[in-house]
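Beneath this line is the structure, given in structure tokens, with notes to follow.
Counting convention: from 1, in listed order, for ligands and their atoms alike. In this text, all values refer to a predicted model and were calculated from it rather than measured experimentally.
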Amino acid sequence: MEKIRIFGDPNLKLRGRIRISGAKNAALPALAASLLTREKMRLRNVPLVTDVFTMLTLLKDLGAEYNIRKNSLSVQVKTINSPEASYKLVRAMRASILVLGPLLARYGKAVVALPGGCAIGSRPTDLHIGGFEKLGATIVLEHGYIRAEAKQLTGTTIAFEKKTVGGTENLAMAAALAKGESILKNCAVEPEVSELCKLLVKMGARIDGIGEETMRIQGVPELGGASHQIIPDRIEAGTFLIAGALASDEIVLTHVRPDNIMTLIDKMRSSGVEIEKINNNTLRVKGCPDLKPQDITTSSFPGFPTDMQAQFTVLMTQADGTSIITETIFDRRFSHINELLRLGASIEVSGDKAIVRGKSPLSGAETTATDLRASASLVLAGLIASGETIINDAYHLDRGYEKIEEKLNALGAHIERFRE
Ligand code: UD1
């Protein structure tokens with residue numbers, strides 16, 4: 001098993017420039033969209049993280065051929081060999097469910113394993129399934145698989161009971177090839193959803209209302225190939241902003257879209273952190289020794305992102321006073337707290353709230369990563385803890401961060417990877 005060792009320093013002063021990678025959560029749906037056409041898709045700025053490779057393995061199983069050169073990727077699905085996404089792949093990455101809509105729309109059939117639970121709570125698929133049924137698919141759940149069939153999907157109105165990023169993406173892809181008009185209401189408006197829709201339009205889809213809660217999609221009989229640049233990863237950018245606030249003279253983040261992380265930036269500024277927008281895709285953050293406590297409540301975009309909750313919690317362990325972190329998106333997303341307690345943080349969990357009492361000096365310890373963003377929070381805490389911090393199960397980090405230790409080491413951190 002790969003592990004990470006961080007030689008922490010409470011007085012660490014990171015310094016330098018860091019280029020933010022492409023967004024994993026934009027790359028995954030863009031890859032799934034390649035199933036909608038027999039023509040070639042070209043994607044640039046693709047982050048080379050494990051989740052992207054898991055999606056490529058899945059697409060290959062389904063019939064895709066692909067080519068990667070640095071962060072550019074071409075993928076083509078001339079014919080679909082098999083419409084089945086196995087439990088092994090879906091369990092490794094829940095976003096595998098994004099192949100369901102495209103398979104159903106182009107091939108008329110999809111068999112996708114039910115994802116089951118995961119470290120951050122129950123993650124149902126009812127909103128995806130209900131939507132496909134409304135488009136006319138017949139769906140049977142048996143032996144742990146979703147079996148969906150439809151000769152021809154037919155446009156209809158789908159009002160999501162709850163905002164769902166993956167559900168909106170899956171249904172938008174299916175509706176793009178359905179017969180007639182679909183109206184999707186209460187859509188998630190995360191930037192990654194809008195990006196997928198812009199890509200679909202490049203492929204020939206007809207979508208009105210991109211970036212709004214109601215989208216109208218006129219189905220077309222066929223989609224073609226397209227070329228697309230993946231947007232910067234707002235969660236990686238947010239993670240580096242917090243590293244900068246905790247442990248830097250100053251660091252500069254390039255290739256970011258500040259507009260996509262304004263809620264986080266506003267909260268960090270209220271906490272006393274100096275963040276300067278140098279231009280439309282560059283930010284400068286300065287270390288802040290006198291952080292003020294802040295309460296946050298996670299919610300869908302443009303609210304505070306659940307994917308930044310664990311990292312923000314670490315920042316608040318260094319604020320002078322009590323902060324209340326409320327998690328409303330996932331029901332068990334506090335697994336990092338027990339690990340942070342091992343490093344000396346003072347945090348109490350009560351239902352959907354974590355009460356963080358700062359400022360706590362942190363001291364290095366052996367910890368275990370439980371999910372992607374939890375592991376990022378341990379890296380941040382390890383940077384400013386005195387002594388050595390070990391993170392077991394480092395593979396969680398590699399699911400979504402491209403070369404994180406290389407990037408932090410280039411700024412002056414001391415992190416190494418080893419096997420045991
Ligand atoms: C996506 C992101 C993930 C992020 C999450 C919330 C990707 C690949 N992943 O995940 O990083 O944390 O959005 O911003 O883009 N729900 C249902 N029924 C469903 C589907 C979802 O009840 O059929 C619930 C979920 O349990 C959760 C909420 O809806 O409570 C939001 O989930 P959703 O937006 O679907 O998350 P994902 O698309 O899985």
Side-chain angles (χ1 to χ4, degrees), residues 22-33 46-47 49-52 54-55 58 89-101 112 114-134 139 141 146 148 158-173 184 186-197 213 230-231 233-236 238-239 260-261 263-264 297-312 326-333 335-336 352 371-377 396 399-401:
K24 161 185 94 74
N25 286 355
L28 296 176
L31 285 168
V46 177
V49 295
T50 323
D51 273 9
V52 163
T54 304
M55 183 58 97
L58 170 54
L89 290 173
V90 179
R91 197 171 64 137
M93 185 185 69
R94 189 192 138 84
S96 306
I97 198 174
L98 291 174
V99 302
L100 208 161
V112 177
L114 279 162
C118 75
I120 62 176
S122 63
R123 297 183 78 171
T125 48
D126 55 317
L127 302 172
H128 298 245
I129 292 171
F132 293 126
E133 283 177 334
K134 284 205 91 179
I139 301 200
L141 304 183
I146 305 168
I158 297 165
F160 292 106
E161 251 170 62
K162 187 176 182 181
K163 288 228 166 78
T164 160
V165 172
T168 306
E169 292 168 345
N170 226 344
L171 268 303
M173 288 190 279
L184 305 188
N186 197 27
C187 292
V189 295
E190 268 68 2
E192 295 77 15
V193 177
S194 305
E195 279 301 303
L196 169 68
C197 292
E213 287 184 1
I230 302 297
I231 50 167
D233 194 313
R234 61 195 167 103
I235 306 303
E236 189 199 13
T239 304
N260 289 345
I261 42 171
T263 313
L264 170 70
T297 300
T298 62
S299 63
S300 53
F301 193 83
F304 193 96
T306 174
D307 286 352
M308 282 304 304
Q309 181 254 106
Q311 304 90 313
F312 196 82
T326 307
E327 172 60 54
T328 69
I329 305 289
F330 293 112
D331 52 6
R332 274 205 318 265
R333 202 170 200 178
S335 59
H336 47 286
D352 63 357
D371 72 67
L372 170 57
R373 306 305 170 185
S375 50
S377 77
H396 285 292
R399 288 190 52 195
Y401 288 91

For residues [X] and [Y], report the shortest heavy-atom separation together with the two atoms involved.
X	Y	value
N170	L98	OD1-O, 3.3 Å
I329	T298	N-OG1, 3.7 Å
L196	A33	CD1-CB, 4.1 Å
I129	I146	CD1-CD1, 4.1 Å

Quick check: does [X] get an N/O under 3.5 Å from an N/O on ligand 1?
X	value
V165	yes
L28	no
T164	yes
F330	no
E169	no
A95	no

Give the numbers and elements of all ligand 1 atoms closer than 4.0 Å to a heavy atom of [X].
X	value
I329	27 (C), 30 (O), 31 (C)
G166	35 (O), 38 (O)
R333	12 (O)
T306	6 (C), 12 (O), 14 (O)

### Message
Is there a side-chain contact between Y401 and I235 in this structure, where contact means two heavy atoms from C-beta onward sitting under 4.5 Å apart?
### Response
yes
### Message
Check this for me, if you would: do R333 and D307 make a salt bridge, where the nitrogen-to-carboxylate-oxygen distance has to be below 4.0 angstrom?
### Response
yes
### Task
For the pair K163 and E190, find out whether any cationic side-chain nitrogen is under 4.0 Å from an anionic carboxylate oxygen.
no
### Message
Under a 3.5 Å distance rule, please check whether T263 uses its side chain to pair with a backbone N or O of P302 as donor and acceptor.
### Response
yes
### Message
Please check: side-chain N/O of N186 versus main-chain N/O of F160, any donor-acceptor pairing under 3.5 Å?
### Response
yes
### Query
Got a second to check how far K24's NZ is from D51's CG, nearest 0.5 Å?
4.5 Å
Is it the side chain, the backbone, both or neither of [X] that has a heavy atom closer than 4.0 Å to ligand 1?
X	value
D307	side chain
E327	neither
E192	neither

### Task
Please confirm whether A188 comes under 4.0 Å of ligand 1, counting heavy atoms of the residue only.
no
### Query
Quick one: does M55 get a heavy atom under 4.0 Å from ligand 1?
no
### Task
Would you indicate which of D126, T168, N25 comes nearest to atom 8 (C) of ligand 1 when only heavy atoms are counted?
N25
